[in-house]
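Notes for the one structure printed next.
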Number of protein chains: 2
Amino acid sequence: MSWAVRDSCFDKQLVTTNGNKYMLGNGYMGYRGTLEEFGKSELVAVTLAGLYDKAGEKWREPVNAPNGLWTKIVCNGQPLSVHEHEPSSHVQKLNIRSAIHHRSTEYGMTDGGTLTFTADRFVSQDNLHLLVSKCSIRSTQDCQIVIETGIDVDVWDINGPHLYGQKVQLQGDALLSSSTSGELNIPVVVAEKAVFNFGEQQLDEGTAIRRISFEARAGETYEWFKYVTVYTGLDVSGPESEAVKSVHAAETLGYDELLKAHRQLWEERWSLSDVMIEGDEDAQFALRYSIYQLLIIAPTASEKVSIPARGLSGQVYKGAVFWDTEMFMLPFFLHTDPKVARNLMMYRIHTLDGARRKAAEYGFLGAFYAWESQDTGDDACTLFNVNDVFTGRPMRTYFRDKQVHISGDVVHGIWKYVQFTGDESLLTSGGAEVIWECARFFYSYAYYNPVKERFEILDVTGPDEYHERVNNNAFTNALVKETLEIALRTAELLQDKYPEVYSQLSSVFSEGPFLTEFKAMLDRFYVPQPDPASLLIEQFDRYFTLEDVGLPELKYRVLNKNEYLGGGNGLATTTTILKQADVVLMLNLFKHSFTKEVKQANWEFYEPRTEHGSSLSPCIYALVAADIGSPDWGYPYFMRTATVDLTGESKQYVGDLYIGGTHPAANGGAWMAAVLGFTGLDYDGGTVHIKPSLPKHWQSVELPVTLRGDTFKLRISKDEVTVTTAADYSESLLFSVQGREGKSCAAGESLRLALTETTV
Amino acid sequence: MSWAVRDSCFDKQLVTTNGNKYMLGNGYMGYRGTLEEFGKSELVAVTLAGLYDKAGEKWREPVNAPNGLWTKIVCNGQPLSVHEHEPSSHVQKLNIRSAIHHRSTEYGMTDGGTLTFTADRFVSQDNLHLLVSKCSIRSTQDCQIVIETGIDVDVWDINGPHLYGQKVQLQGDALLSSSTSGELNIPVVVAEKAVFNFGEQQLDEGTAIRRISFEARAGETYEWFKYVTVYTGLDVSGPESEAVKSVHAAETLGYDELLKAHRQLWEERWSLSDVMIEGDEDAQFALRYSIYQLLIIAPTASEKVSIPARGLSGQVYKGAVFWDTEMFMLPFFLHTDPKVARNLMMYRIHTLDGARRKAAEYGFLGAFYAWESQDTGDDACTLFNVNDVFTGRPMRTYFRDKQVHISGDVVHGIWKYVQFTGDESLLTSGGAEVIWECARFFYSYAYYNPVKERFEILDVTGPDEYHERVNNNAFTNALVKETLEIALRTAELLQDKYPEVYSQLSSVFSEGPFLTEFKAMLDRFYVPQPDPASLLIEQFDRYFTLEDVGLPELKYRVLNKNEYLGGGNGLATTTTILKQADVVLMLNLFKHSFTKEVKQANWEFYEPRTEHGSSLSPCIYALVAADIGSPDWGYPYFMRTATVDLTGESKQYVGDLYIGGTHPAANGGAWMAAVLGFTGLDYDGGTVHIKPSLPKHWQSVELPVTLRGDTFKLRISKDEVTVTTAADYSESLLFSVQGREGKSCAAGESLRLALTETTV
C-alpha cells in the first residue's frame, strides 16, 4: 500500500495546488508544499497557528513567519531553479507516513552533463518549533557551485505586511531573524543553522543569506543540513534566546536523531488513527491522506488554538475557526486523540468572553460564538462577506449575525467530548459555563408564540447559507433543543458529583435566566418534525412554498459563473436549492431520533436539491446513505470528499485574492463517512454499536479506536466484526453489532461478533 | 382666480402626461385627457372602477371600456388629426370647477383657409354611466367634410386583451357595442348616440363607426352632440337594454340639461370642499387641482370599490387599492364627504374574506389585508415586484408578505370614520368584525420576548420599503397598539350600545384569541419610544447601527439610474437612507403622544435621510413641519406634493410598461398638508382644535368642514379664526384655538377666536 503522494514532473500550473497537496505541519506551524528556491510569488508560507495580525483597515489574518529553509543553487554562474531552468527530471513527493517532503530535480548542463539537487524536509513532531532539512547536489561534470541559503524574510502575505523592524544577527554560527507583528507587537523570531562540511561560506552584511562556494567534482555527492527554529512572543518571554538555544540543540542531535524522533511519533500517531480498507486502493489512499491532513494541523500542545477552516495552509479565510471544527473534525479526534479533542474544546472555553461580547453587541444574553473565530473569540466575520459580480459591490450577508447554530455546535462538541472521554474536568474547567451561557443566549434569542404556545427560533441562517434569515430552521432548532438539554444535564451532573463547583459556578447565573427558564423553554420548544404522510422535514418555515426549480434549470439561469447563488438576489434564494446538507445533517447528528424511513425520504428529497456549494456537504450525504443501508449511494460522495485536497479542484482565486488551501472539514468528513458511516461505529457513552454498511467492493475495514481512555482494534468484514483489546484494556465497554445485545471483551483478547444480512 | 388647466399648443411629447393632467371622471369611470381622434397608441382609456380581469398568466388589472367618444374629421379627403396635420393653433383646457374638458384645434387648409374643430366633453356626475360631448367644426372655406365617429372598440390595455366576443348592433339609431371580459365573463356594454342635424350618415356593416358627409359652407358652424353610456354586468343584470335606455334618455334631455345637472352637482361638491388660500395663487391652484383629482375618482355611489393608487387614470398599478386610501385620501373625505368615506371603508368590510384568506395562507389568524387589493380582497401583489436592472431578473421583495401595517391602516380608517361621523352603523355593518379580525391577526403575528417580557412585532416592512424584514418598526408597532386599543374600545362600545349585536358578533370569536388576549398583549406591548437624550425614535431595531451615509454620497454610488435602492442588494438597504417618511409619519398619526421637541428632533434627523422615493413622502414632512411651528420648512414639500400631477414629473415608463398616472395619495396629502398642517385643524371627536401654522406669505385660508353631520365654514387668518355655521347647525361641536378652552357656536352665527403669537 502506498503512503506517498508524488508528482513526477514539474508543472508551473500546479505550484499553488501543490502548495496544499504537499503540506507539512505539526499544529504549531504549517509549511506549504513549495520548493526550496520558491519565494512569495509561489505562495511559500510558514503559517503560525494562533498568531493573528491586522494591517491597516484590512481584515486580520494569521502571521506567516520568514522561511528559514530557503535555498537556491547557482551552477557555473547560472541560477538553477525550476522556473529559470527547465529540469530534465523532477520529482516531488510527500511521505504521509512520516510526514517528510522530498524533492529531487535534475538539471541539464550546457556541456551535456546533469546536476541533481535533492532536498528532504520535515516539520518536527517532536520539537514543534523545529524545521529540518537535508539537501544534496551531485553533478556529472566538474563545476563551480554557489549555494545560497538562509532565511527568506520577504514573506508572502495576503493582507500584510505584518512583520516590522526586521533585524538579522549572527549568533555564533546561527542566523537570527527578529521582527515584531504590527498590531499586537508580538516578536517573531527565526533561527537558522546550516551545516556544510565543504565549501567556503560568506554572509553578506545585513542579509540573512549565506553563500557557500566550491568546486564540485564530477560524480561526488555534496550533502548539507539545515536546522531552523521558530518562536514567537506568544510561546516564551525570550523568543530570541530560545530560538538560538533550540537550533543549537537540534544541530547537536543531528539530522538522523531528529528524524528518528519525528518518525517515531508519527508511527505512534498512525497506530492510533490509521484506517485500513481492503478492496479499494483509491479509497484507502484518499482516506489516509485525509487523516494525514488532519494530523499535521492538530493542536497537540496548545489549548489556545483550534483548527482553522483552511488548516495551516496559509492565511486563507482569515485563519479563522468555524463550526467546521466541532462538526466535521472533532469526531476524528474524539475517536483517536482525545488530548487534541480537549485542546479544541478548551479553545472555545478560552474564547468565551469574545462570545459574550458578541451576544451583548446584538442585545442578547449569554454567549454567541463568533462565526469566524480568531485569538480572542471576537467575530472576524464581516457583514459584507461576498462581492456582487454584477456591480462589484460588497453584498450584505447574514453569516455573522444570523448563523446562531454556532453556539449550539460548540455545546454539542463539549458534550460529545465528555461523553467520549469521560473527562468531566472539561466541564469544571469552564465547559459548564460555556454550555450555560450558550443556553442563555438561545433563551434570549428565542421568542414565544402565544397562539401556537411554543418557543421558536426566528430569523436565522442554517447550514444552508443560500437561505438566510429563515424561521425555525430544523437543524438550528434541533441544536438549540440539545443545548437546553445539555445545560440541564450539566447542572445535574455537577450538582451530583461536584456540588461545590456547581454552587460556585451557578451563583453567577442566579439572576437568570437559568435552569428554570431553560426547562420552561424546553417543555414548549418547537423543532420541525417529519410530516406524517410524506415523512419530510421542512428545512424551515415555508421552505416548501419556494420555487421547486431543479438544479439543472437553476444552473441554466446563471449569467456569470462566479455569481453567488445566495444573498438578497441570489438565484437559489427563492428556490428549494440548498447550498449544503441541512436537514440531512440534522438527521445524521440526531440519528437515533428518526426512523430509517424518515432518513431515506429526506435524503431522497434533499439530495437532488443540494448544490454542494460547500466542501462540508457531500460527506453528510455519504454518512446518511450508509445509515439507511445504501452505502453505494454514499460512496461517490465519500470519494469526492476524501480526494478534495488531492485533486485540488476547489477554487483557488477570486480576482487576485487567494482563497485556496486545504479542507480539513472535508478531511474529517471523509473519516466520518468511512468510520461512522460505512463501518457504522456509534458510541453512546456506554456501548460501542457497530452497524456495518460497507460499499460492495470493500472487503474489510480495520481501525484503532480510543474511547474512555481505552484503545482497541476493530475489524469489520462482510461477515463479522472483530474487537481486539490490549493487555491493559479496562473492560469497561460493551460491543454490540446490528443492534444486538452488547457484549464485553476481556483484556488482551479478541471478540468475534457475527454479522447477519439484515435490512437496516 | 383660475379654475382652468390649459395648454396652448400641441406637443407630442406631452400626450401621455396630459392624459393624466386633463383627466375626467366620476368615480364609476375615468376618462383620460386624450383628444377625440386618439386611439390606443395615445393611451386613450375609459377605465372602469372595480371591474378586473386577468388575461393569461399576466397580472389582473381593471378593464378599459371601448371609447364611445371617438371622433375624427376628414376634410377634402385629408384626415385632420394633431398627428397627421400639424394644427395652426391648438388649445386643450380643463375646467376643474365643472369638470369639463375642452379642445379647440385650428388646421390650415391647402387653399389658405382654416378649419376649426372644437369639442367639449364631460363625464356626467349626475348619471355615472354617461359621457357627453358637444363638437363643432367651422371652416373659412367651403369644403367637403366627413366626420367619422362612433365607438372605438380597439381598446388600449396593458395586460389585455380583456374583452371578447365584440358585437356591434344598431338599436334604433343607437350604436351598441357588447363584449364580455375574459376571466369572469362580465358583459361590458357601450351605447352611443350621435345627433347631427346636417349631413348624410352611413354606417359600415359590422363596424361601430358612422360617417357623416356634407359640404361645409365657409363661415358656418356645424355642431353635433354625442351621448355615450357604459354599463357592465356588475351594474345591472341587463346591461344592453339599460345602456340603450339610458342613452336614449340622455338624448331626450339634451346636452344643456345634462350639463346643467352635472354643473350643479359640481357646484355642490366644491361648496363642501373648496379651500381658498389668500396670498398664494400657485398654492391655491395646485391645491384646488389636487382636490379636483380626488373628486373625480371618489366612489360616490358604490361601497364595493375604493380608490386605486393611480385613481382611474388607467390600468397602472393593477388598479389596486393600497394603504394610500386610508392614510392619505380618507382624511379629505372625512372632512368633506362622509358618504364617500363610508364607501371607502365599506370596501374593506366587503373584502374581509380576502384578508382572512391571506392571513390563513401565511399561517396566521384573523385578517391580513391585501397590499394590493382588487375586487375580492385577495392580494394582487406578487413576491417579485421589481426587476433587477443589472440582471434583468425579477427581484424578491417583501411588500406582500411583510407590510403588515396595512391591517392596522384599515382599522385606523374605520375608527376615524366612526369618530368623525358618529356613524356607528359602520361598526355593526361589519366594521367591528374587521377590527377584531385585524387585532387577531396581529396577536398571531406577534411574539413574546421572554427576557424583555414584552410582545414584539418582528420581521415586517414599514412604510420605508427600502428596509425590508425589520423588527419592531416604530410605525408598525404604533399601529398595532392602536388596533388593539380600538378592538377593545369597539367591544366596549357595542356592549354598551348594541348588546345584541355584540353578543351575536362576539360569539364567532369565542374561541379566541379575543379581548382577554388583546388586553394581555396591550399590557406588555413594545412600541419604540424616544431616546431620553437624543429624543430620537429608532425606526426599527438596530436602524442606528446602519451606515449613516448621506444622500449625496448614496446617489454618487448609483451605477444605473433605474436601479432599485431597496431589496436584497439595494444601495439604501444597508444604510440609514429611507424611501419615505416612516417615524415622521407615525409622529403625525399620533401627534398627541409626542412633544414638539420629539417631533422636531426626529424631523431634523430623518428629513435629510429621506430619499422621497414615494409620492406619499413629502406631504408628511410638510404636515409635521407645520405641527412644530415651522411651516416654511414644510412649504416646499407641500408644493411638491400639490403639483405632482400638474408637472407630470413622475416616471411614466419602465421599459415599455406604462407606470404613469395620477397620484391621488399625493392629492390627498396636499389637502392634509394645507388643512391639517398649515391651518392646524384637528378634530378629536368632540372639539375642533385649530392651531394655525400658516406659511408666511399666506394671508388666510378659508374652507368648509363637515363633521358629525354638520357643515361649517372656517376662516383662518393671521390674527383670528372665524367659524361660521349654517341655520341648521346642531351646535354639538366645540371650537378651540391654540389649545385654549373650546367654545360653542350658535346656529347661523359666526364665532371669532383671536390668535396670539405663540411659540408652539
Side-chain angles (χ1 to χ4, degrees), chain A residues 361-366 383-384 386-398 401 440-441 443-456 458-459 468-471 512-513 517 520-521 524 541-542 545-547 557-560 563-564 566-571 573-575, chain B residues 361-366 383-384 386-398 401 440-441 443-456 458-459 468-471 512-513 517 520-521 524 541-542 545-547 557-560 563-564 566-571 573-575:
Chain A
E361 176 194 341
Y362 287 107
F364 300 110
L365 305 175
L383 298 181
F384 296 82
V386 177
N387 262 30
D388 182 350
V389 295
F390 298 108
T391 61
R393 294 174 184 149
M395 194 187 285
R396 178 68 158 95
T397 48
Y398 294 87
D401 41 356
R440 287 182 94 194
F441 166 65
Y443 184 78
S444 72
Y445 198 89
Y447 277 94
Y448 186 73
N449 183 321
V451 173
K452 294 176 178 157
E453 296 180 328
R454 66 192 192 189
F455 285 86
E456 301 182 10
L458 307 174
D459 199 3
E468 297 180 317
R469 303 197 60 199
V470 303
N471 293 340
E517 288 79 7
M521 179 167 162
R524 292 198 168 274
D541 289 354
R542 300 186 65 72
T545 69
L546 298 175
E547 188 194 5
R557 295 179 185 175
V558 167
L559 296 175
N560 177 321
E563 68 175 279
Y564 183 58
N569 295 342
L571 278 176
T573 304
T574 56
T575 73
Chain B
E361 176 195 340
Y362 287 107
F364 300 112
L365 305 174
L383 298 181
F384 297 82
V386 177
N387 261 29
D388 181 351
V389 294
F390 299 107
T391 60
R393 294 172 184 150
M395 194 188 285
R396 178 68 158 95
T397 47
Y398 293 88
D401 40 355
R440 288 182 93 194
F441 165 65
Y443 185 79
S444 72
Y445 197 89
Y447 277 94
Y448 187 73
N449 183 320
V451 172
K452 296 177 177 157
E453 296 180 329
R454 67 192 193 191
F455 285 86
E456 302 181 10
L458 308 173
D459 200 3
E468 298 180 317
R469 303 197 60 199
V470 303
N471 293 341
E517 289 79 8
M521 179 166 162
R524 291 197 169 274
D541 289 354
R542 299 186 66 72
T545 70
L546 297 176
E547 188 195 5
R557 295 178 186 176
V558 166
L559 297 175
N560 178 319
E563 69 175 279
Y564 183 58
N569 295 343
L571 278 176
T573 305
T574 56
T575 74

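The analysis underlying the following values was restricted to heavy atoms, covering all of them including side chains, and did not include hydrogens, waters or symmetry mates. Per chain, numbering begins at 1; letters A, B, ... match sequence-line order.
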**Prompt:** Among B:F384, B:Y443, B:F364, B:Y445, which has the most heavy-atom pairs under 4.5 Å with chain A?
**Reply:**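 With the most close heavy-atom pairs to chain A, the winner is B:Y443.
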**Message:** Quick check for you: among B:R396, B:M395, B:R542, which has the greatest number of heavy-atom pairs under 4.5 Å with chain A?
**Reply:**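 That would be B:R542.
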**Request:** Check whether A:D388 gets within reach of chain B through its side chain, its backbone, both or neither, counting any heavy atom under 4.5 Å.
**Result:**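 For A:D388, the contact with chain B is made by the side chain alone.
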**Message:** The criterion is side-chain contact (heavy atoms from CB on, under 4.5 Å); which residues satisfy it with B:R393, sequence neighbours excluded?
**Reply:**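 Testing B:R393 for side-chain contact (heavy atoms from CB on, under 4.5 Å), a comparison that skips the adjacent residues, returns A:F390, A:L559, A:E563, A:L571, B:T391.
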**Asked** How long is the span from the CG atom in A:D541 to the OH atom in B:Y362, to the nearest 0.5 Å?
**Response**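 Rounded to the nearest 0.5 Å, the CG-OH separation comes to 13.5 Å.
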**Asked** Distance from A:E456 atom CD to B:Y448 atom OH, nearest 0.5 Å?
**Response**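 The OH atom of B:Y448 is 16.0 Å from CD of A:E456, to the nearest 0.5 Å.
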**Item:** Most contacts with chain B, counted as non-hydrogen pairs under 4.5 angstrom, among A:V451, A:L365, A:N560
**Value:**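 Most heavy-atom pairs under 4.5 Å with chain B: A:V451.
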**Request:** Work out which heavy atom in B:Y447 is nearest to a heavy atom in A:P450; give both atom names and the distance.
**Result:**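 Heavy atoms only, the tightest pair is CA-CD, 4.4 Å.
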**Prompt:** Who pairs with A:R469 by salt bridge (charged side-chain N to carboxylate O under 4.0 Å, His left out), at least two apart in sequence or on another chain?
**Reply:**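 Scan of A:R469 (salt bridge (charged side-chain N to carboxylate O under 4.0 Å, His left out), adjacent residues dropped) gives A:D459.
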**Prompt:** Where on B:A446 is there a heavy atom nearer than 4.5 Å to chain A: the side chain, the backbone, both, or neither?
**Reply:**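 Backbone only.
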